[in-house]
Amino acid sequence: MTEIGQLDPDSAGVVERVIAGRPQNIGSFRFWFADQRWEWSEEVAALHGYEPGTVVPTTELLLSHKHPDDRAEVAHTLAAVTTTGDAFCSRHRIIDTRGEVHEVIVVGDHLLDEHGAVSGTTGYYIDVTETLQENSRATLDQTLPDLIEARAVIEQAKGILMLVYGVHPEQAFKVLQWRSQETNTKLRQVAEQLVGAIAGLGGAPVGFRSRFDHLLLTMHERSK
């Protein structure tokens with residue numbers, strides 16, 4: 001199973017801040033895109049009200065446990081993740097088999113196959129019901145936008161590396177991770193530094209920009 005420390009530093013930091021100071025109910029999951037197959041740890045099954053080994057998780061079952069007010073948003077997030085393979089962080093409510101409501105944070109990261117390609121998503125459910133008082137809720141409301149902002153700048157940095165080196169998104173992310181580890185700098189800071197430095201270069205060389213201009217103006221013809 002994936003450990004929290006294997007998530008990128010920004011995602012792991014959110015989890016650590018949320019659960020700091022008090023033990024929480026944490027369980028792991030895996031979801032494979034190709035055959036829509038789920039795997040729940042015993043903790044996640046118990047969170048939904050099931051004894052270990054008594055239920056085979058499916059997307060339909062998962063969505064049936066979401067609070068009615070949160071179900072559409074979770075379904076949208078799941079559809080987006082299945083399409084893009086992006087990492088994600090979600091806060092919503094689930095209703096277990098006894099009818100009890102749980103406030104949860106779900107953090108998901110890339111699940112890679114043996115070739116290094118994204119084949120699904122893997123991560124954690126964190127039950128924060130008992131500790132999510134009004135002050136905790138306010139802190140979390142501030143934290144999640146920060147995570148979204150961090151993801152945005154990381155995606156920008158990945159795009160730069162993909163363009164410059166002609167690599168895939170997963171390879172670009174590994175380059176960022178490498179620089180983060182080598183320089184002992186948070187992944188988000190590495191991404192911000194790269195994006196800021198690129199912005200200060202004043203754009204690409206003229207020859208490259210001319211080729212890109214032509215591509216931009218004619219790409220609609222290539223899809224016909």
Side-chain angles (χ1 to χ4, degrees), residues 1-133 136-137 140 143-144 147 170:
M1 290 295 180
T2 303
E3 300 293 333
I4 289 180
Q6 291 177 279
L7 298 176
D8 73 76
D10 292 288
S11 295
V14 170
V15 175
E16 290 166 0
R17 287 195 295 273
V18 170
I19 67 177
R22 182 178 297 188
Q24 302 286 333
N25 296 321
I26 303 176
S28 58
F29 72 89
R30 287 180 177 178
F31 176 52
W32 286 266
F33 297 152
D35 56 3
Q36 298 286 289
R37 178 166 54 92
W38 288 91
E39 179 183 284
W40 284 354
S41 69
E42 293 183 357
E43 293 82 3
V44 173
L47 180 62
H48 288 81
Y50 298 102
E51 292 292 329
T54 62
V55 66
V56 176
T58 64
T59 300
E60 291 73 19
L61 179 67
L62 179 142
L63 291 177
S64 73
H65 279 280
K66 303 306 178 186
H67 190 284
D69 293 341
D70 299 340
R71 189 172 298 142
E73 182 177 352
V74 173
H76 176 76
T77 298
L78 181 58
V81 169
T82 302
T83 301
T84 66
D86 289 342
F88 70 95
C89 182
S90 171
R91 189 191 101 198
H92 57 267
R93 292 160 291 179
I94 66 174
I95 303 174
D96 65 22
T97 57
R98 296 176 296 276
E100 296 180 5
V101 178
H102 300 264
E103 291 261 9
V104 298
I105 297 174
V106 182
V107 179
D109 204 356
H110 306 107
L111 177 61
L112 305 180
D113 62 18
E114 63 272 18
H115 304 295
V118 176
S119 61
T121 183
T122 181
Y124 286 84
Y125 273 76
I126 307 169
D127 185 354
V128 294
T129 307
E130 294 183 4
T131 58
L132 202 55
Q133 306 300 331
S136 301
R137 191 184 303 272
L140 189 59
T143 300
L144 289 183
L147 179 62
E170 296 78 20

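- Side-chain contact between L62 and P57 is absent, with no heavy-atom pair separated by less than 4.5 Å.
- Separating the CD1 atom in I95 from the NZ atom in K66 is a distance of 10.5 Å, to the nearest 0.5 Å.
- A tilted orientation is assigned to the rings of F29 and W38, their planes being inclined by 30° to 60°.
- In this structure the side chain of S90 never reaches within 4.5 angstrom of the side chain of D70, judged on heavy atoms.
- Going from atom CZ of F33 over to atom OG1 of T83 covers 8.5 Å, rounded to the nearest 0.5 Å.
- Side-chain atoms of L112 and V118, non-hydrogen and from C-beta on, do get closer than 4.5 Å to each other.
- Minimum heavy-atom separation, V44 to G27: CG2-C, 3.4 Å.
- Residues W32 and S119 bring no donor and acceptor atom of their side chains to less than 3.5 Å of each other.
- In this structure, H65 has its ring center under 6.0 Å from that of Y50.
- Between the OG atom of S28 and the CD1 atom of I126 there is a distance of 11.5 Å, given to the nearest 0.5 Å.
- H48 and W40 have parallel rings, their planes meeting at less than 30° on a 0 to 90° scale where 60° marks the start of perpendicular.
- Of all the heavy atoms in V104 and D127, the pair that sits closest is CG1-CA, 4.2 Å.
- In this structure, E100 places its CD atom where more than 12 heavy-atom neighbours from other residues, nucleotides or ligands lie under 6.0 Å away.
- Taking OG1 of T82 as the reference point, atom CD of Q36 lies at 5.5 Å (rounded to 0.5 Å).
- Two residues are said to be in side-chain contact when any heavy atoms from C-beta on lie closer than 4.5 Å; H67 and H92 fail this criterion.
- Paired with F88 under the rule side-chain contact (heavy atoms from CB on, under 4.5 Å), one option of V107, D109, V81 passes, and it is V81.
- Interatomic distance, L78 CG to T59 OG1, rounded to the nearest 0.5 Å: 5.5 Å.
- The side-chain heavy atoms of R93 and D69, taken from C-beta on, include a pair separated by under 4.5 Å.
- Taking CD of E103 as the start and CD1 of I94 as the end, the distance is 10.5 Å to the nearest 0.5 Å.
- No side-chain donor-acceptor contact under 3.5 Å links T129 to the backbone of H102.
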